[in-house]
Number of protein chains: 2
Amino acid sequence: MEEVKLSKGTPGTKCPIEAALGIIGSKWTFLIIRDLLIDGTVRFGELLKSLEGISPKTLSVRLRELEESGIVVRTVYPEVPPRVEYTLTDKGKQLESIFIELKVWGLKL
Amino acid sequence: MEEVKLSKGTPGTKCPIEAALGIIGSKWTFLIIRDLLIDGTVRFGELLKSLEGISPKTLSVRLRELEESGIVVRTVYPEVPPRVEYTLTDKGKQLESIFIELKVWGLKL
DNA sequence: CCGTATCCTGGCGGATACTG
DNA sequence: CAGTATCCGCCAGGATACGG
C-alpha cells in the first residue's frame with residue numbers, strides 16, 4: 001500500500017480505474033465475484049440461488065463476460081445431469097483486496 | 001490488511017459490500033470520487049469538463065446523492081457569478097484505499 | 001457560473017418457456 | 001441441471017433550453 005498515486009486518463013492512455021470498472025463495474029459482477037471469492041468453486045444453480053433477484057439469463061451473460069475477460073474459468077463435467085463449475089483465475093483472485101477494502105468501508109455505514 | 005473475511009449478507013443483516021455499492025456503485029460515482037480524491041476541491045464546471053460525457057443533470061443528481069450520503073460537502077460562495085465547490089468528507093476520503101486497489105488491478109490489464 | 005426542468009431513448013436486465 | 005430464446009418494461013442518463 002505504498003506510494004500509489006491516483007490518476008485520471010490522459011488523452012490516449014485510459015485511466016486504469018475506468019479500465020477496471022469496464023470489466024467488473026456492472027450491476028451484478030461485483031456480487032458474482034464476491035461469491036466466488038468466498039466459496040471458491042460454485043455451480044451455476046448455486047449462484048442463481050445465492051444472488052437473490054438475478055435472472056438466469058443475466059447470470060449467464062455476466063459469467064461469459066467474466067470468462068472472456070479472464071476473471072473466471074468455466075469447467076463442464078460431462079455427466080447427466082450436467083454439472084458446470086465456476087472458479088476465479090489468478091487475475092480474478094487478485095481482486096480480493098478491492099473487496100476487502102470495500103467491506104471495511106461498508107461496515108462503517 | 002490482516003484478517004478481514006469476506007461475507008455475504010444473512011437474512012436480516014445486509015452484506016456490507018452491497019451496502020457500499022448501494023452508495024458508490026452507480027455509473028459515474030466512482031469517477032466523481034476519483035476526481036475529488038485527486039484534486040481535493042473542485043468546482044461544478046471542472047467536474048463537468050473532466051468527466052467527459054456526463055450531462056449536467058446527471059452530475060447534479062449524483063453529487064446530491066453523495067452529499068446526502070455524507071461523502072461530499074458542497075460549499076456555495078455568494079459571489080457573482082456564483083461559485084460552488086465540492087470536497088470529500090472524511091468518510092469520503094476513506095474510500096481512497098479502494099481506489100488504490102482498483103488502480104493497481106486495472107494497471108495489469 | 002451553476003445548476004434545474006423537460007423530454008426522450010437505449011439497453012440492462014426481469015419473467016418465462018423451452019432444450020440438450 | 002444448466003443454460004438459451006424471446007419478449008418486454010423500466011429507468012439511468014443524454015440533449016437541450018432555460019432560470020437565479
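Numbers restart at 1 for each chain; the letters A, B, ... are given by sequence-line order, proteins then strands. The structure displayed is predicted, hence computed values, not measured ones.
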In whole angstrom, give the distance that lies between atom [atom1] of [X] and atom [atom2] of [N].
X	N	atom1	atom2	result
A/Ile54	C/dC12	CD1	P	14 Å
B/Leu48	C/dC2	CG	P	9 Å
B/Leu63	C/dC2	CG	P	11 Å
A/Arg83	C/dG20	CZ	P	23 Å
B/Glu65	D/dG13	CD	P	9 Å
B/Glu85	C/dC2	CD	P	9 Å
A/Glu52	C/dA15	CD	P	11 Å
B/Glu79	C/dC1	CD	C1'	11 Å

Would the distance check show the side chain of [X] and the main-chain N or O of [Y] forming a donor-acceptor pair, the cut-off being under 3.5 Å?
X	Y	value
B/Thr89	B/Ile71	yes
B/Glu46	B/Arg43	yes
B/Glu96	B/Lys93	no

Can you tell which of [options] lies closest to the side chain of [X]?
X	options	value
B/Arg64	C/dG3, C/dC2, C/dC12	C/dG3
A/Pro56	D/dG20, C/dT16, D/dC1	C/dT16
B/Arg62	C/dG13, C/dC1, D/dG13	D/dG13
A/Ser55	D/dG20, C/dA15, D/dG3	C/dA15
B/Lys57	C/dT16, D/dA15, C/dC2	D/dA15

Return no unless some side-chain N or O of [X] is found under 4.0 Å from OP1 or OP2 of [N].
X	N	value
A/Ser60	D/dG3	no
A/Arg74	D/dA2	no
B/Arg43	C/dC1	no

* Asked: Hey, does A/Tyr77 reach any base, or is it just sugar-phosphate, or nothing, if we go heavy atoms under 4.0 Å?
  ->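 Here A/Tyr77 touches no strand at all.
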* Asked: Heavy-atom contacts under 4.0 Å between residues 20-30 of chain B and DNA chain D, which residues?
  ->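 Result for residues 20-30 of chain B: B/Lys27, B/Trp28, sorted by number.
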* Asked: Can you name the closest pair of heavy atoms from A/Ser97 and B/Glu101 and give their distance?
  ->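 For A/Ser97 and B/Glu101, the tightest heavy-atom pair comes out as OG-OE1, 3.1 Å.
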* What are the two closest heavy atoms between B/Trp105 and A/Ala20, and how far apart are they? ->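 Residues B/Trp105 and A/Ala20, closest heavy atoms: CE3-CB, 3.8 Å.
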* **Inter-residue atom distance B/Leu31.CG - B/Ile33.CD1, 0.5 Å rounding** =>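 So the CG of B/Leu31 and the CD1 of B/Ile33 are separated by 9.5 Å.
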* To do: Output the distance between atom CD1 (B/Ile100) and atom CD (A/Glu3), rounded to the nearest 0.5 Å.
  =>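 B/Ile100 atom CD1 to A/Glu3 atom CD measures 9.0 Å (nearest 0.5 Å).
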